Each structure stands twice: as structure tokens, then as C-alpha cells.
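Working notes, beginning with the structure itself.
A, B, ... follow the sequence lines: proteins, then strands. Residue 1 opens every chain. These numbers were taken from a predicted model, which means no experiment stands behind them.
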Number of protein chains: 2
Amino acid sequence: MGITKTQIFTDKQNDLAQFFKVLGHPARVAILQYISNQNACICNDLVEEIGLAQATISQHLKELKSIGLLNGEVEGKSMCYCINVERWTDIQKKLNTFFNKTKSNCC
Amino acid sequence: MGITKTQIFTDKQNDLAQFFKVLGHPARVAILQYISNQNACICNDLVEEIGLAQATISQHLKELKSIGLLNGEVEGKSMCYCINVERWTDIQKKLNTFFNKTKSNCC
DNA sequence: AATTAATATCGTAATATTGCAATATATAAT
DNA sequence: ATTATATATTGCAATATTACGATATTAATT
């Protein structure tokens, strides 16, 4: 079908999967790395930097915003995006909890 | 288009995104959690446990195997899947390196 | 007010993913 | 050998994602 059966999973499982999913695209990985390398907020150097169309970059930014990873502020006629450090750390913790809990005791 | 432009990203970015992507489905999160909760290797209790068709579970297992997270051993007429702990730890480290390096210094 | 620049949204095409029924394969049990 | 059981693969339908051009929208500049 193409539709994930979210109803049969717990909220935690769905949330966790959603975090992983949003991070599961190289453009979004690259965007986050680029933002962190600039010592200031970025605007749309990203279009030049990454090499995808402006509409595409905008879409990826939207997905990163959707899980709260980015804050966006209007800065004149451009946008200033930056990483929401609190959320960033929060998600990192959640992923690590998953990794630490999920341990193998077999084979 | 629907096709990710992997050529414009580094191997590291693509690999990282691939790990995230494979973990980015609630069924695969649930499978990993279930395997870790059993004190032994599992076979296909998963079909009953998770509530997806056998073919679907088999597909998800294949994806988890594709990044080396699962080992599968023939056990009579069933399969014994277990988490590859070494790989598991390795991927956890890589994700944490990404999280730690990607830090914000703005806003 | 008109123009320019930056970003967002819409519409659309191409491709990918999810899920399942049906079928194939392989081993154990009879 | 036949049957039963467990898993993998194939083929297909439905939906999602990726990417982009075209078009809003919004704010600064002239």
C-alpha cells in the first residue's frame, strides 16, 4: 500500500521512528551540518551550498522544523535558521535510550 | 522525481542518512525492541506479535539486515534472528558523533 | 508605488516505500 | 515420499517522498 500502519504501534515507537525518518535523508544531514559549521545563523546559502533547488531546500527545512530541530526567525527579507539545541539534546537522549535499552542477549 | 540525489553528498552523509532511514519505521523499531526483550533469538513470533503479514515482516527484517544490524541463523525449519551487538554499538557511536559535532552556536 | 530579493507554497512528474496475497523454497515430521 | 511448517521472493496496488518550475508572499530598497 505505501501507508504505514501507525495505529498498531505505540506513540513512543511512532515518535522514535519519526525522528529517525526525518534524519534519514542526506540533504537534511547536510543541512544540519552546514548550519552547525557556520558560526551564525544561516539563510539561504544552503541553496548554493547544497545544490538542490530552492523549493526543495525549503521543503527539507520544513521537515526539520516539524520535529522541532530548527528555529526560524525573520531577519529582514531572509530567514535565520538555527538548531534548537534543547530539542537537539532531547532527541539525542531519546535515541540513546532506545539504543541502550535494545540490547541483544542471544547467539 | 522521488529519487534522492546521492551523488551530491559525501559517502559519510549518505551512510548516516541510510542508518537513520532504516530505523525510521515503527515496525522496525518494534522488531528490534521485541528481539531485545526476548532472552533468546526470535523466529516468527514477530508476525503474531506485531500484526503485519508474514511477507511484510520478512521485508523489514531484510532491511535491518542490509545495514548489518541483524544476524540470521537457520534453526531447524525456522530462522533465529538476533541483534549484531558489535554493529549496533558501532552505529550508535556514529550517530552520537554526528549529534555531538552538529552543535549550534547561534541565536 | 514599483522593484528587487528571499522564502514559502502549489502543482506535478518520477521514483520509493509499505503492505499483502500468492507462490517458491527448505527443513522437519509423518 | 508426502505433508506440514517457517521463511523468502515475486508481483502488484496504494500511498509517500523527492525534486523542481511556477507562482505567491513578504520585506527591504529605490
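In terms of heavy-atom proximity, B/Thr102 sits nearest to A/Ile83 at CG2-CD1, 3.7 Å.
Within the nucleic acid shown, A/Leu52 comes within 4.0 Å of sugar-phosphate atoms alone, with no base atom in reach, counting heavy atoms only.
Of the residues A/Phe19, A/Trp88, A/Phe99, the one that meets the ring pair (Phe, Tyr, Trp, His ring centres under 6.0 Å) test with B/Phe99 is A/Trp88.
Side-chain contact between A/Asp45 and A/Tyr34 is present, with heavy atoms from C-beta onward closer than 4.5 Å. Between A/Leu32 and A/Leu23, some side-chain heavy-atom pair lies under the 4.5 Å cut-off.
A/Lys65 has a side-chain polar atom (N or O) that falls below the 4.0 Å cut-off from OP1 or OP2 of C/dA8. Contact between the side-chain N/O atoms of B/Tyr81 and the OP1/OP2 oxygens of D/dA6 is not found at any separation under 4.0 Å. Put simply, B/His60 has a side-chain N or O that comes within less than 4.0 Å of OP1 or OP2 on C/dG19. One finds no side-chain N or O of A/His25 lying less than 4.0 angstrom from the OP1 or OP2 phosphate oxygen of D/dA16. Contact annotation: A/Ser78 does not reach the phosphate of C/dA6 (side-chain N/O to OP1 or OP2, under 4.0 Å). Contact between the side-chain N/O atoms of A/Thr56 and the OP1/OP2 oxygens of D/dT18 is not found at any separation under 4.0 Å. Checking the phosphate oxygens (OP1, OP2) of D/dT25, no side-chain nitrogen or oxygen of A/Lys77 falls inside 4.0 Å.
Closest-nucleotide positions on DNA chain D for A/Val74 and A/Ala27 were compared, and the one nearer the 5' end corresponds to A/Ala27. DNA chain D is contacted by both B/Lys21 and A/Gly76; B/Lys21 maps to the nucleotide lying nearer its 5′ end (nearest heavy atom per residue). Projected onto DNA chain C by closest heavy-atom contact, B/Glu75 and A/Ala55 fall at different nucleotides, the more 5' of which corresponds to A/Ala55.
For A/Ile50 and D/dA19, the CD1 to P distance is 11 Å, given to the nearest whole Å. Rounded to whole angstrom, the span from the CE atom of B/Met79 across to the C1' atom of C/dA26 amounts to 12 Å. Summarising the geometry, the separation between CD on A/Glu73 and P on D/dA27 is reported as 14 Å, rounded to the nearest angstrom. Between B/Asp45 atom CG and D/dT7 atom P there is a gap of 8 Å when expressed in whole angstrom units. Rounding to whole angstrom units, CG of residue B/Leu46 and P of D/dA8 are separated by 11 Å. Distance CG (A/Leu70) to C1' (C/dA8): 15 Å, rounded to an integer number of Å. To the nearest angstrom, P of C/dT17 lies 8 Å from CD of B/Gln18. Between the CD atom of B/Gln59 and the P atom of D/dA8 there is a distance of 12 Å, rounded to whole Å.
With values rounded to the nearest 0.5 angstrom, A/Lys93 atom NZ is found 13.0 Å from A/Asn100 atom CG.
No hydrogens or angles were tested; on distance alone, a donor-acceptor pair under 3.5 Å links the side chain of B/Gln54 to the base of D/dA8.
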